[in-house]
2 protein chains.
Amino acid sequence: MPYTRDQLVEQLRRHDINPTHQRIEIAFALYSRGEHLSADQVLAIVNDRHSETSKATVYNTLNLFLEKKLIREVIVDPNKVFYDPNTEPHHHFYNVDTGELADIDAAGVEVHGLPPLPDGMVTEGVDIIVRVRSR
Amino acid sequence: MPYTRDQLVEQLRRHDINPTHQRIEIAFALYSRGEHLSADQVLAIVNDRHSETSKATVYNTLNLFLEKKLIREVIVDPNKVFYDPNTEPHHHFYNVDTGELADIDAAGVEVHGLPPLPDGMVTEGVDIIVRVRSR
DNA sequence: GTCACGATTAGACTCAGTCCAGATCATGGT
DNA sequence: ACCATGATCTGGACTGAGTCTAATCGTGAC
Ligand SMILES: [Mn+2]
Ligand SMILES: [Mn+2]
Ligand SMILES: [Zn+2]
Ligand SMILES: [Zn+2]
């Protein structure tokens with residue numbers, strides 16, 4: 001979890017991403033906290049001290065990271081996408097009251113009884129979202 | 001599946017919804033096809049022959065139906081919500097190439113190994129989305 | 001007929017996300 | 001050092017889903 005910027009530079013390179021200042025900061029925002037962040041939140045974090053990254057670059061970069069599979073997206077809120085630095089197969093708790101997202105390790109989770117795929121289809125992944133309320 | 005408008009009027013009443021002309025037509029669009037439709041698609045279907053329902057009413061009505069649990073929403077495409085006339089517990093195949101959604105009956109599907117909920121939390125539901133590609 | 005009240009409406013508005021054309025930056029060759 | 005080149009970044013215009021508002025409509029009670 002305690003990622004240094006140097007480690008992130010390596011990780012960007014391993015994913016064929018030219019490690020520019022902005023890209024390093026955006027990766028750092030996501031990886032150093034290990035949280036699920038919206039584009040808005042990333043923009044705010046990266047520009048917290050002094051403005052140094054534009055909205056366009058944040059979106060460009062998040063989409064580049066997605067493409068290069070450095071992060072994944074989580075679609076659970078109809079209003080915004082969450083970006084997830086955890087690319088291991090895993091699932092999510094989603095608190096419908098607070099909007100909080102929490103990871104569920106996929107190891108140990110099994111799904112039985114799914115019907116066979118239509119012919120000529122191949123599974124890309126199985127996402128499980130456990131919607132929870134605060135009681 | 002072959003819903004008559006009269007049956008839908010009854011169903012609306014059972015859910016405490018005053019069955020107006022527009023509401024009946026919107027319910028008919030969803031229930032007669034049994035498909036997952038976006039608000040845009042509902043608007044187009046309802047106004048196919050002659051314009052009779054506004055965008056505002058389509059959104060008002062879909063949100064009313066949701067509130068009264070006549071339909072549910074499926075969040076899987078970052079660009080739009082799908083509205084689902086099937087309110088039984090069930091899961092979905094999502095074709096990431098075509099955008100198609102298909103139901104998976106929940107009967108027979110079991111999930112094992114989920115961690116216990118954080119204290120004071122209660123499960124609202126478990127959604128499984130099987131993302132598939134066309135091969 | 002008039003009143004009240006719920007439903008519908010056009011159109012302005014919001015907000016996430018994209019697009020574009022110009023500026024800036026990094027790199028390598030001379 | 002100097003320039004050329006391509007990649008990156010940027011402000012700001014733009015798009016499209018969804019919401020809001022204030023005016024109008026429809027219906028039933030009186
Ligand atoms: Mn800095
Ligand atoms: Mn009609
Ligand atoms: Zn996650
Ligand atoms: Zn469904």
Side-chain angles (χ1 to χ4, degrees), chain A residues 5 8-9 12-13 15-30 36-47 49-68 70-84 99 101, chain B residues 5 8-9 12-13 15-30 36-47 49-68 70-84 99 101:
Chain A
R5 283 174 171 79
L8 288 172
V9 168
L12 290 174
R13 290 220 170 88
H15 287 261
D16 291 313
I17 298 167
N18 190 6
T20 65
H21 182 62
Q22 287 87 338
R23 288 168 179 173
I24 295 165
E25 290 307 312
I26 290 168
F28 189 72
L30 283 158
H36 305 84
L37 301 177
S38 64
D40 244 31
Q41 291 175 306
V42 171
L43 182 63
I45 290 168
V46 159
N47 290 328
R49 295 172 161 279
H50 51 291
S51 179
E52 58 184 291
T53 304
S54 69
K55 184 173 73 147
T57 295
V58 168
Y59 278 103
N60 287 344
T61 301
L62 290 171
N63 287 329
L64 176 67
F65 285 3
L66 277 179
E67 206 177 287
K68 300 292 192 177
L70 190 71
I71 62 179
R72 56 180 275 195
E73 55 185 349
V74 182
I75 316 289
V76 304
D77 180 321
N79 298 311
K80 50 176 163 283
V81 171
F82 286 101
Y83 296 90
D84 190 341
L101 267 177
Chain B
R5 283 174 171 79
L8 288 171
V9 167
L12 290 173
R13 290 219 171 90
H15 287 261
D16 290 313
I17 298 167
N18 188 6
T20 64
H21 182 62
Q22 287 87 337
R23 287 168 179 174
I24 294 165
E25 290 307 312
I26 289 168
F28 190 72
L30 283 159
H36 306 83
L37 300 178
S38 65
D40 243 32
Q41 291 175 306
V42 171
L43 183 63
I45 290 168
V46 159
N47 290 328
R49 296 173 160 280
H50 52 293
S51 180
E52 58 184 288
T53 305
S54 71
K55 184 174 73 146
T57 295
V58 167
Y59 278 103
N60 287 346
T61 301
L62 290 171
N63 287 329
L64 176 67
F65 286 3
L66 276 179
E67 207 177 286
K68 301 292 191 176
L70 190 71
I71 61 178
R72 56 180 275 196
E73 54 184 351
V74 182
I75 315 291
V76 66
D77 180 321
N79 297 311
K80 50 176 165 280
V81 171
F82 286 101
Y83 296 90
D84 190 342
L101 268 178

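Just so we're on the same page: letters track the sequence lines, and every chain starts at 1. Given the structure is predicted, the values throughout are model-derived calculations rather than measurements.
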Quick check: closest heavy atoms across [X] and [Y], and the distance to 0.1 Å?
{"X": "Pro19(A)", "Y": "Ile24(A)", "answer": "O-CD1, 3.7 Å"}
{"X": "Ile45(A)", "Y": "Ala29(A)", "answer": "CG2-CB, 3.8 Å"}
{"X": "Leu8(B)", "Y": "Ala27(B)", "answer": "CD1-C, 4.0 Å"}

Report task. Would you please confirm or rule out a distance under 4.0 Å between OP1 or OP2 of dT8(D) and any side-chain N or O of Asn18(A)? Result -> yes
Report task. Supply the atom-to-atom distance Leu30(B) CG to Glu25(B) CD, rounded to the nearest 0.5 angstrom. Result -> 11.5 Å
Requested in this report: To the nearest 0.5 angstrom, please state how far the CD1 atom of Ile26(B) sits from the CG atom of Leu62(B).
Outcome: 6.0 Å
Report task. For the residue pair Tyr83(A) and Leu66(A), establish whether any side-chain heavy-atom pair is separated by less than 4.5 Å. Result -> yes
**Report entry** Validation row: Arg23(A), Phe65(A) side chains within 4.5 angstrom (heavy atoms)
**Finding:** yes
Return the value, rounded to whole Å, for the distance between atom [atom1] of [X] and atom [atom2] of [N].
{"X": "Lys80(B)", "N": "dT15(D)", "atom1": "NZ", "atom2": "P", "answer": "17 Å"}
{"X": "Asn47(A)", "N": "dC9(D)", "atom1": "CG", "atom2": "P", "answer": "13 Å"}
{"X": "Leu43(B)", "N": "dA17(D)", "atom1": "CG", "atom2": "C1'", "answer": "12 Å"}
{"X": "Ile75(B)", "N": "dA17(D)", "atom1": "CD1", "atom2": "P", "answer": "15 Å"}

Query raised in the report: Closest nucleotide of DNA chain C for Asn79(B) versus for Ser51(B): which of these residues is on the 5' side?
Result: Ser51(B)
Query raised in the report: Roughly how bent is the helix from dG1(C)-dC30(D) to dT30(C)-dA1(D) end to end, in steps of 10 degrees, with each end axis from five pairs?
Result: 0°
Requested in this report: Would you check if the side chain of Arg5(B) reaches a backbone N or O of Phe28(B) as a donor-acceptor pair within less than 3.5 Å?
Outcome: no
Query raised in the report: Just by distance, do the side chain of Asn47(B) and the backbone of Glu52(B) share a donor-acceptor pair under 3.5 Å?
Result: yes
**Report entry** First and last nucleotide of DNA chain C, 5' to 3', lying under 4.0 Å from heavy atoms of chain A
**Finding:** dA16(C) to dC19(C)
Query raised in the report: In chain order, what residues pass the side-chain contact (heavy atoms from CB on, under 4.5 Å) check against Phe82(A), with sequence neighbours excluded?
Result: His36(A), Ser38(A), Gln41(A), Val74(A), Asp77(A), Lys80(A), Leu101(A)
Query raised in the report: Stepwise, does the side-chain contact (heavy atoms from CB on, under 4.5 Å) test hold for Val58(A) with Val46(A)?
Result: CA-CA 9 Å; Val58(A) 168; Val46(A) 159; 5.5 Å; no
**Report entry** Listed once per pair and sorted, the side chain to side chain donor-acceptor pair (under 3.5 Å) pairs that draw on residues 53-65 of chain B, sequence neighbours left out
**Finding:** Ser54(B)-Thr57(B)
Query - B/S/- contact track for nucleotides 25-30 of chain D, protein heavy atom under 4.0 Å - result: ------
Query raised in the report: Near DNA chain D, which residues from residues 53-64 of chain A have a heavy atom under 4.0 Å away?
Result: Thr53(A), Ser54(A), Ala56(A), Thr57(A), Asn60(A)
